[in-house]
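Heads up: the structure comes next, in structure tokens.
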Amino acid sequence: MKKLFKFIGIALLISIFYIGFTSYPKLDLISGFAAKSIASGHFIDGRSQEMIEKGDNDIKLIDLAKNKINEAGKFATASVYGLKERKAIYREGLGATLIDEDFDSSTPYEIPKRNKSRNNLAFPYGDKEQKDTVFSNVDYAKLNSAVANAFDTEGTVAKRTRSLLVIYKDKIIAEKYDTGFNKESKILGWSMTKSITATVFGILQYQGKYTINTPAPIPEWKNDDRKIITTSDLLHMNSGLAWEEDYTAISDATKMLFLSRNMGRIQLEKKVAYKPNTHWNYSSGTTNLLSYILRNQFKTHQEYLDFWYSALIDKIGMNSMVVETDMAGNFIGSSYAWATTRDWAKFGLLYLHEGYWNGEQLFDKSWAKYVATPTNGSNGDYGAHFWLNAGGRYPDAPRDLYSANGFQGQKVFIIPSQDLVIVRMGLTEDAKFDVNGMLRGILGSFKN
């Protein structure tokens, strides 16, 4: 019997050691996510710590973190059981940045020069409230019912929609916000930021400053198999580079977002796993590599920071938007753009109008078709940093629908055939939220 107890004791110790050994590295990711989320949500959108913890941080394991906000120092910290404390600092113009112990936050830094011009025009070209427009082909009772159905009723927490905006022929025809949110609330787009990054390339190409169909300008690739990878391959997520996009484990993606100083170099250093243009593999690392490539197209870091805003974000009046940076000063083009729901809608309208905005063409009309053309191997689900409905992902929506999508159900839907842009922001993925049903309800409010 003593031998049995001894054996059980040893086995238990081994189990505890194994669990600790395998789980301890994850604490870096848990506290890193928590600290970054708290700092961004609080200092960018003014949310309370309690609101963030009950909302953005209400994720398995992330909810284990103990968080603190330092108002005077403009930073947030998080740890798990007192272990692996991480810190995220807020800097005006750059948002929140998750830092490591070696980062010197006293070092001077550059911020984007913004031109948040105001005018007397109505939305979407200005800040003035638009006049109500009643369209005879819209059943407003059905529309409002479909919009309301996307939100939780009192006492339920399932759909977790934060905002829903429907724009038809440039006019807001429906708009609703959950408790605690309004038209001024800045909401994280997560991977919708990828579509912003891609658009910068479209603008540069239209200006004659870049060509996406030639090998990517990366010196480290010139003498190996990666030398034939084009920027277009990267935009289509079919470069063939190795990458693991898994947010439930210690993977390439989580190490990049929560441990890396220079996120653009993580994908750059990966080897080829497949021939380019033969294997679609969704990769946030690829987008941050694209941001890194963009940085090298400008003579100075300041020019790189300014261009995203002057050529796109401020140009179309997305004045609320903040794209956050990593410790090296690169825009985290994969994941970290914040904006109001109305400003996210302006981005969708830019694509609905094929790059034409208030009298100026920002990218070639063909660019909208380019990003909405299916990538090889994606089964019609993906284009060039935009998601598609070409393969019938949403069976009750037109096949020409394409969208900027983000974690937990952030969506900017562009439906050219219906002259519609629909924005939904929330905290639920497609598996738990009936996106097709929402689209069916909204589209069903239009009379034939």
Side-chain angles (χ1 to χ4, degrees), residues 124 135 137-139 142-143 146-147 149-150 159 161 163-175 189-196 198-199 202 235-237 280 282 341-342 344-356 363 365-426 428-431 433-448:
F135 294 98
N137 63 325
V138 178
D139 185 326
K142 282 187 177 180
L143 175 62
V147 169
N149 189 54
K159 298 174 183 178
T161 297
S163 64
L164 183 55
L165 179 64
V166 183
I167 300 177
Y168 177 56
K169 295 185 181 296
D170 282 2
K171 303 294 184 181
I172 296 173
I173 60 171
E175 184 175 23
W190 285 107
S191 287
M192 294 203 302
T193 314
K194 291 179 170 68
S195 302
I196 297 285
T199 304
L235 287 166
H236 282 107
M237 298 285 189
W280 180 73
Y282 186 80
T341 302
R342 287 190 178 192
W344 280 115
K346 290 177 184 178
F347 181 64
L349 286 168
L350 176 66
Y351 272 91
L352 188 69
H353 299 313
E354 299 177 313
Y356 186 78
F363 52 74
K365 289 179 67 174
S366 64
W367 183 262
K369 182 178 180 181
Y370 167 76
V371 302
T373 299
T375 294
N376 288 341
S378 73
N379 296 318
D381 285 344
Y382 204 75
H385 271 49
F386 281 80
W387 291 86
L388 317 181
N389 197 40
R393 181 185 185 91
Y394 306 117
D396 293 318
R399 292 298 179 97
D400 69 334
L401 175 152
Y402 63 107
S403 59
N405 291 7
F407 176 56
Q408 293 188 316
Q410 320 313 317
K411 313 278 188 187
V412 176
F413 293 108
I414 303 137
I415 314 178
S417 61
Q418 303 295 314
D419 212 351
L420 272 173
V421 166
I422 302 169
V423 181
R424 185 265 178 178
M425 310 295 283
T428 43
E429 295 289 355
D430 290 10
F433 180 81
D434 186 5
V435 177
N436 182 67
M438 180 192 75
L439 293 170
R440 181 177 62 244
I442 292 171
L443 292 165
S445 67
F446 289 82
K447 306 169 187 175
N448 294 328

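Note that the structure is predicted; figures quoted are calculated from it, not measured. Heads up: numbering here begins at 1 and tracks the sequence.
Distance check: Leu350 CG to Ser195 OG gives 11.5 Å after rounding to the nearest 0.5 Å. With rounding to the nearest 0.5 Å, the separation of CD in Glu175 from OG1 in Thr341 is 7.5 Å.
Between Leu401 and Arg393 the shortest side-chain heavy-atom distance does not fall below 4.5 Å. You'll find the side chain of Leu143 reaches within 4.5 Å of the side chain of Ile442, heavy atoms only.
Ring pair Trp344/Phe347 is perpendicular by interplanar angle, where above 60° counts as perpendicular and below 30° as parallel.
Aromatic pair Phe363/Tyr351: centroids less than 6.0 angstrom apart.
Between the side chains of Tyr282 and Asp381, no donor N or O sits under 3.5 Å from an acceptor N or O. For the residue pair Asn405/Tyr382, the side-chain donor-acceptor check at 3.5 Å is not satisfied. Counted by atom type alone, His236 and Asn376 present zero donor-acceptor pairs between their side chains at under 3.5 Å.
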Side chain to side chain contact (heavy atoms under 4.5 Å, CB included) assessment of Met438 paired with Leu164: CA-CA 10 Å; Met438 180 192 75; Leu164 183 55; 3.9 Å; yes
Worked verdict on Tyr168 versus Asn137 for side chain to side chain contact (heavy atoms under 4.5 Å, CB included): CA-CA 11 Å; Tyr168 177 56; Asn137 63 325; 2.9 Å; yes
Check against side chain to side chain contact (heavy atoms under 4.5 Å, CB included), Met237 and His385: CA-CA 8 Å; Met237 298 285 189; His385 271 49; 3.6 Å; yes
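Between Gln410 and Gln408, the closest heavy-atom pair is NE2-O, 3.4 Å.
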